[in-house]
Undergrad: 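My questions all concern the structure below.
First the proteins, then the strands, lettered A, B, ... as listed; each starts at 1. The model shown is predicted, which means the values in this text are computed figures rather than measured ones.
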Amino acid sequence: MNPVVRFSALARVLHWLMAAMVLGMLFVGVFMAATEGPAYARLVALHRPMGVAILLLACVRLANRLLVPPPPLPAGMPRVQRIAALGSHIMLYALMFAMPLVGWGMLSAGAYPVVLWGPVRLPPILPHDPALFAALRHLHGWLAFTLFGVIVIHLGAALLHGLILRDGVFAAMASWRRGRRDGI
Amino acid sequence: MTEPRSGPRKEGGASGPASLFDPGTLLRLGAIGLVMMGVVTAFAWSAGWLSPRRLTQARMMDALAAVDGVHPGFRRNHAKGVCVAGWFESSGQAASLSKAAVFRPVRSAVIGRFALAGGMPFQADAPAKVRSMALRIMPPDGAEWRMGINDIPVFVARTAREFRDLLLATRPDPATGKPDPARVGPFLAGHPDVARALALVGARPISPGFGDDTYRSLDAFRFINADGVSTPVRWEMAPMQPGGPAGAVTGQDYLFDDLLTALGRHPLSWRLMVTIGAPSDPTADPTLPWPADRRQVEAGTLTLDVAQSEDGGLCTGITYDPLVLPPGIAPSDDPIPAARSAAYMRSFTLRAGEVKLPSAITPAMIAAKERP
Ligand code: HEM
Ligand code: HEM
Ligand code: HEM
């Protein structure tokens, strides 16, 4: 049996953990921004620390990605597809940083305390500025919809590789069997 | 990304890509499409796009606008107001009930706002209009506490939906400019709790002005002390200055004029009285008063000595979200504070991004009454 060329274990663990967290945050986010019910308070209280956790994990993930090169894409893959893959991954990384930073920044600009859990609060990262608050609140929404759109396409592309092209791209992230490139 | 794009990447046992028109491939393509559509549909459901009946922040804003119109740049409710500043001096007596920093024997800075309920920023003052006090209390080191409190004995709805329905039922008829009795009557008949609460509000004693008024939390919260003991509470700000003569109740801004005149002469003070709820007292329903004999603790004294116009004032660029609470104060099972938190952020987002007309209470009006 040919060994599978996979992402490092850390990359795979982070990918699936963060996939669940980011998708969860998007669903929680749009739900809480569209409810006057009692769940609002509980969801916002969950949304803030989860978002900040994603920011921290994104730092670890980016460092890992830069230090441990990902497995190469299949040899015969067309150039456009390579560019699309790289471009969408860059967008996903950028948004994994931008979403929590904009969330934190908008609460700072709106002079809201950024409560994580009980007495644990983050300092403001932007000066108090109501117009900036409004702009960032809208930006948080638009970036969230962009992120969701990219993820849906990413999901479709991943399934295309896994179910139809079967070129090992899906297995590189999704296979649990040991392979040659298993590092960290 | 510097890795050479070559090398094998084969899945164990899997053959290469199949023909696109192979029936199995078409089936898989269909499955992929279904998965993608499923995710998008679930997202649309979460966002409320498939639920026209869900009460969202946007629909709450629409209901407020249906009553009072849209006034860009102003708060969507309690639109006419003035900023104030001063301090809160804790008595230390509530420290055994709540570990909040504001209840330690310290003096905390306060940014506040007096307002009239309703979304019309230029409405004329009148005795029976609901008045409010909003406070942002900031202890020297410790977490801040925000509140918005009204001069009525109970709130007029148990849930956000009931409040929205009340707004829509009492919205003015375009023909008469007054609520339509044909809409209000059936609504109240179907909501006896609202009718009872409105009767209590209508029967309240009305004080002459802002300065001698009593403002109440209406909503129930929980105080948590250092041992983790949780106590249901409501609170009120009880005025320490006597009521002036009910005198002239004329003039577009007479309530605010009186307030500015009083603040121009001397600081105004209120006692923060915390009511301790019994286990049997309703916390989830702000339309129900608690029995009058409940124990009260005097938690401290609020003193306000400065007025500022909203235009450029410190109360404009924030929202008095009742869930901005320090450790030691927590929400109860009252559903209204969460609804308020959601609505206030939406109102704040809208108004902070809009161009606003000058407020009714102008910097010039305040300068004219200031102490020399
Ligand atoms: C929901 C199901 C998902 C599936 C099936 C999936 C599948 C995959 C696969 C197969 C790869 C490998 C692509 C390659 O070899 O170039 C990959 C990479 C990647 N995925 Fe996903 N993914 C999902 C969700 C997400 C989500 C929600 C995010 C981000 C928020 C995300 C971010 C990334 C990134 C950034 C990469 C590039 C590799 C890296 O540096 O970690 N994925 N994904
Ligand atoms: C990966 C990280 C994050 C994602 C994916 C995310 C996603 C979302 C989404 C989808 C919305 C609803 C947007 C709309 O419908 O307009 C939202 C709203 C919000 N998010 Fe985030 N968010 C993230 C991080 C954060 C962080 C770190 C904070 C704060 C520290 C935060 C605070 C908020 C707030 C306060 C709202 C507004 C709620 C309201 O409108 O009442 N978010 N977020
Ligand atoms: C579901 C019920 C309620 C809704 C939808 C609602 C809505 C609003 C909105 C949209 C604002 C403007 C916020 C801003 O732009 O900063 C506001 C202000 C205010 N509300 Fe409510 N409210 C509700 C219940 C209550 C209750 C129960 C109280 C009193 C206990 C209250 C007291 C106040 C006060 C005092 C202000 C003015 C705060 C200030 O001066 O900035 N509200 N309300």
Undergrad: With under 30° as parallel and over 60° as perpendicular, where do the rings of B:F348 and A:Y112 fit, or are they tilted in between?
TA: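 Judged by the thresholds at 30° and 60°, the geometry between B:F348 and A:Y112 is tilted.
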Undergrad: Please flag which part of A:M32 lies under 4.5 Å from any non-hydrogen atom of chain B: side chain, backbone, both or neither.
TA: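 The backbone, not the side chain.
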Undergrad: Based on non-hydrogen pairs under 4.5 Å, which of B:A58, B:G353, B:A342 is most in contact with chain A?
TA: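 Maximum pair count with chain A is reached by B:A342.
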Undergrad: Do side-chain atoms of A:H128 reach the backbone of B:G317 as a donor and acceptor pair under 3.5 angstrom?
TA: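 It does hold such a pair.
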Undergrad: Show the nearest heavy-atom pair for residues B:A338 and A:Y40, with the distance to one decimal.
TA: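 Smallest heavy-atom distance, with atoms named: O-CD2, 3.6 Å.
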Undergrad: For A:A34 and B:A47, which heavy atoms make the closest approach, and how far apart are they?
TA: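 So the minimum-distance heavy-atom pair works out to CB-O, 3.4 Å.
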Undergrad: Return the CD1 to CE distance between A:I153 and B:M36, rounded to the nearest 0.5 Å.
TA: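 Between atom CD1 of A:I153 and atom CE of B:M36 there are 6.5 Å.
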Undergrad: Would you mind telling me which of B:E144, B:R340, B:R346, B:R136 has the largest number of heavy-atom pairs within less than 4.5 Å of chain A?
TA: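 It is B:R346.
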Undergrad: Can you find a heavy atom in the side chain of B:F43 that is under 4.5 Å from one in the side chain of A:F145?
TA: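 Yes, side chains in contact.
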Undergrad: Is it the backbone or the side chain of B:L55 that comes under 4.5 Å from a heavy atom of chain A, or both, or neither?
TA: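 Its backbone and side chain both get close to chain A.
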Undergrad: Given side chains that start at C-beta, do those of A:I151 and B:V39 come closer than 4.5 Å, heavy atoms only?
TA: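 Contact flag for A:I151/B:V39 side chains = no.
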Undergrad: Quick check on the interface: out of A:G156, A:G76, A:P119, who has the most heavy-atom pairs with chain B under 4.5 Å?
TA: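 The candidate making the most pairs under 4.5 Å is A:G156.
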Undergrad: CZ of B:R28 to CG of A:L165: how many Å apart, nearest 0.5 Å?
TA: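 Nearest 0.5 Å value for the CZ-CG distance: 11.0 Å.
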Undergrad: Which answer fits B:A42, side chain, backbone, both or neither, if we ask what part of it has an atom under 4.5 Å from a heavy atom of chain A?
TA: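 It is both, since atoms from each part get that close.
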Undergrad: What distance separates B:F163 CZ from A:E36 CD, expressed to the nearest 0.5 Å?
TA: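 Between B:F163 CZ and A:E36 CD, I get 10.0 Å after rounding to 0.5 Å.
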Undergrad: Under a 4.5 Å cutoff for heavy-atom pairs, which residue among B:T349, B:D321, B:T319, B:V40 has the most contacts with chain A?
TA: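 Maximum pair count with chain A is reached by B:T349.
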Undergrad: Give, as side chain, backbone, both or neither, the part of B:P337 having an atom under 4.5 angstrom from any heavy atom of chain A.
TA: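 It is neither, since no heavy atom gets under 4.5 Å.
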Undergrad: With a 4.5 angstrom heavy-atom cut-off, could you sort out which part of B:R351 is near chain A: side chain, backbone, both or neither?
TA: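 B:R351 has no heavy atom closer than 4.5 Å to chain A.
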Undergrad: In Å, rounded to the nearest 0.5 Å, how long is the span from CG of B:L29 to CG of A:L160?
TA: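 Reported value, rounded in 0.5 Å steps: 6.5 Å.
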Undergrad: Tell me, do B:V324 and A:P113 make a side-chain contact under 4.5 Å, heavy atoms counted?
TA: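 Contact flag for B:V324/A:P113 side chains = yes.
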Undergrad: Need one label for A:F133: side chain, backbone, both or neither, based on atoms under 4.5 Å from any heavy atom in chain B.
TA: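 The side chain, not the backbone.
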Undergrad: Could you pull out the closest heavy-atom pair between B:A352 and A:A134, with the gap in Å?
TA: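 What the structure gives for the nearest pair is C-CB, 3.8 Å.
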Undergrad: Is chain B contacted by the side chain of A:A131, its backbone, both, or neither, given a heavy-atom distance below 4.5 Å?
TA: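 Both parts, backbone and side chain.
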Undergrad: Which one, B:P335, B:G48, B:A343, leads in non-hydrogen pairs under 4.5 Å with chain A?
TA: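 Most heavy-atom pairs under 4.5 Å with chain A: B:A343.
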Undergrad: Which one of B:V35, B:I336, B:T56 has the most heavy-atom pairs closer than 4.5 Å to chain A?
TA: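 Answer, by heavy-atom pair count under 4.5 Å with chain A: B:T56.
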Undergrad: Taking atom CH2 as the centre, does B:W49 end up with more than 12 heavy-atom neighbours from other residues, nucleotides or ligands that are less than 6.0 angstrom away?
TA: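 For B:W49, atom CH2 is crowded (more than 12 foreign heavy atoms under 6.0 Å).
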Undergrad: Checking heavy atoms, do the side chain of B:A160, its backbone, both or neither come under 4.5 Å from chain A?
TA: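 Contact with chain A is through the side chain of B:A160 alone.
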Undergrad: Side-chain contact, heavy-atom cut-off 4.5 Å: B:M345 with A:L107?
TA: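 Result yes, sub-4.5 Å side-chain heavy-atom pair found.
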Undergrad: Taking side chain as everything from C-beta outward and backbone as N, CA, C, O, which of these in A:L26 sits under 4.5 Å from a heavy atom of chain B? Side chain, backbone, both or neither.
TA: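 Both parts, heavy atoms under 4.5 Å.
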Undergrad: Select one option (side chain, backbone, both, neither) describing which atoms of A:L155 are under 4.5 Å from chain B's heavy atoms.
TA: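 Only the side chain of A:L155 comes within 4.5 Å of chain B.
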Undergrad: Should B:P327 and A:R121 count as side-chain neighbours, where that means a heavy-atom distance under 4.5 Å?
TA: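 They are in side-chain contact.
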